[in-house]
2 protein chains.
Amino acid sequence: MSKRNAILASATRLFSRNGFQGTGMAELSTITGAATGTIFHHFKNKEDLFLQVLNDVKESILDQFDRHQQTRRDQKGIERVEGVIAFYLNLAGSMEDQFLILHRHYPYQMAKTNPVCRSHLESIYTCLLDIFEEGIQKGIQDGSVAVEAPRQTAMVLFAMVDGIVRLNTYRVYDAGTLYDSLMVACRRLLKGGR
Amino acid sequence: MSKRNAILASATRLFSRNGFQGTGMAELSTITGAATGTIFHHFKNKEDLFLQVLNDVKESILDQFDRHQQTRRDQKGIERVEGVIAFYLNLAGSMEDQFLILHRHYPYQMAKTNPVCRSHLESIYTCLLDIFEEGIQKGIQDGSVAVEAPRQTAMVLFAMVDGIVRLNTYRVYDAGTLYDSLMVACRRLLKGGR
DNA sequence: TAACCAACCGAATGATCGGTCGGTTTTTTT
DNA sequence: AAAAAAACCGACCGATCATTCGGTTGGTTA
């Protein structure tokens, strides 16, 4: 692996575990075996490095979901939504570091002043919400979903799923057993009262 | 106001806005007008200061919810839950700094090694989940709520509400218009399929 | 082979960090 | 009023921070 990629990989892990301010270039240098000079040869500063990491996070997450969207196109709307949720929960487990970066506060703080950062975050959330909404829309058409406002419902649904992932990450409570309850809640929410 | 309280108040604001590592004692000294020596006279170090802040956050949030629980005891279960959600959303707006600290990552990281920190966080989440669950239990008894697992449902409900608050804080999307959708989702979720 | 260039190195830099300490002022106690 | 205690001050400390810079290396091009 090239030094540049090694730096990016380790930076992803450090940023996710220790945050932006908690990650030191000296530490990164030790772990990767690259001199500090080398790091700054490839990335113009710490913020630039973080943006590259965020860009990779964006691309890998979007890539995963795009690939998932290609499968099982024959399912009913409600089944697609349930499939997306299951995929989301699974991905949050297998791409822990990437999701942890998104669950930290720093990116959103940086997004206030840095348009590149903001753009990455918007791309990710737009993609995720679109996927949820698409399933809902399809469900409305085939009768498997009964809601009035698809976009808002997609947001509420996303907030719920992502909230569960967070509860699980924080480990204040064991939320690992909540997946079934989450699915039940999803079905009730979409099939609607009455 | 005493210097100690001024330090605590400013520390709450700084920790919530800039995080633990992003908050400097020199900055805190400038803002409060207290010399750095004074800060360390009242708090033995930065971590201790943070724990005091977190303790205040815990006490004020628990106090607010305890007070809210004393009101409208005649309501049906479903109405109580809806009232709690409305109160939660309202509180997240009026106690922005306190909620922001809870939505940051640092406290949960610190909780892994610091039992005092962990205890504060557990108190808060236990209280909140108990309140949600209590409403659900009452609803099951009076027939206004139909779910099978009250505790798990309380967690899912909490994840949903807190997720909406986060979406609103991050401001990647305007979630301010989601409160109605959230209430609809809550009702569907509790009144059940069929 | 000479010139070039990107990758790489690590010592050095100034700024900033959390934290200390000896001393002064203010408040409380007696 | 005297003494004790608590609050407060700010210069100072060593460590660590992100970043710089002059120089070396190894492969590619002219």
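Just so we're on the same page: letters track the sequence lines, and every chain starts at 1. The basis for the numbers below is simple: all heavy atoms, side chains too, and nothing from hydrogens, waters or symmetry mates.
The residue among A:Q21 and B:H42 whose nearest nucleotide of DNA chain D is located toward the 5' end is B:H42. Positionally, the nearest nucleotide of DNA chain D for B:G37 lies more toward the 5' end than for the other of A:M25 and B:G37.
When distances are taken from the side chain of B:F40 to each of C:dT20, D:dT19, C:dC8, the shortest belongs to C:dT20.
For B:T36 and D:dA11, a side-chain-to-base donor-acceptor distance below 3.5 Å is present, hydrogens and geometry of angles not being considered.
As judged by a 4.0 angstrom heavy-atom cut-off over every strand, B:T32 is placed among residues making no nucleic acid contact. Note on A:G22: nothing from the nucleic acid sits closer than 4.0 angstrom, heavy atoms only.
Between B:L54 and B:C117, the shortest heavy-atom distance links the atoms CD2-SG, 3.8 Å. The minimum heavy-atom distance linking B:S181 with A:Q152 is given by the pair OG-CB, 3.1 Å.
Atom CZ of B:F43 and atom P of D:dC8 are 11 Å apart (whole Å). When the C1' atom of D:dT16 is taken as reference, atom NZ of B:K46 falls 13 Å away, rounded to whole Å. Per the geometry, CZ belonging to B:F15 stands 12 Å off C1' belonging to C:dG18, to the nearest Å. Between the CG atom of B:N5 and the P atom of D:dC8 there is a distance of 10 Å, given to the nearest Å. Separating the CG atom of A:L28 from the P atom of D:dA18 is a distance of 10 Å, rounded to the nearest angstrom. Taking atom NZ of residue A:K44 and atom P of nucleotide D:dA18, one finds them 17 Å apart after rounding to whole Å. Atom C1' of nucleotide D:dC21 and atom CD1 of A:I39 are separated by 16 Å, given to the nearest angstrom.
Under a cut-off of 6.0 angstrom, the local environment of CD in A:E96 is sparse, with at most 12 non-hydrogen atoms contributed by other residues, nucleotides or ligands.
Under the 3.5 Å distance criterion, the side-chain polar atoms of A:R166 are matched with a main-chain donor or acceptor of A:H103.
Side-chain N/O atoms of B:K3 include none lying less than 4.0 angstrom from OP1 or OP2 on D:dC8. Distances shown here put a side-chain N or O of B:T38 below 4.0 Å from the OP1 or OP2 atom of D:dC9. Within the 4.0 Å cut-off from OP1 or OP2 of C:dC8, not a single side-chain nitrogen or oxygen of A:H41 is found.
Ion pairing between B:R151 and B:D130 holds under the 4.0 Å rule for side-chain N and carboxylate O.
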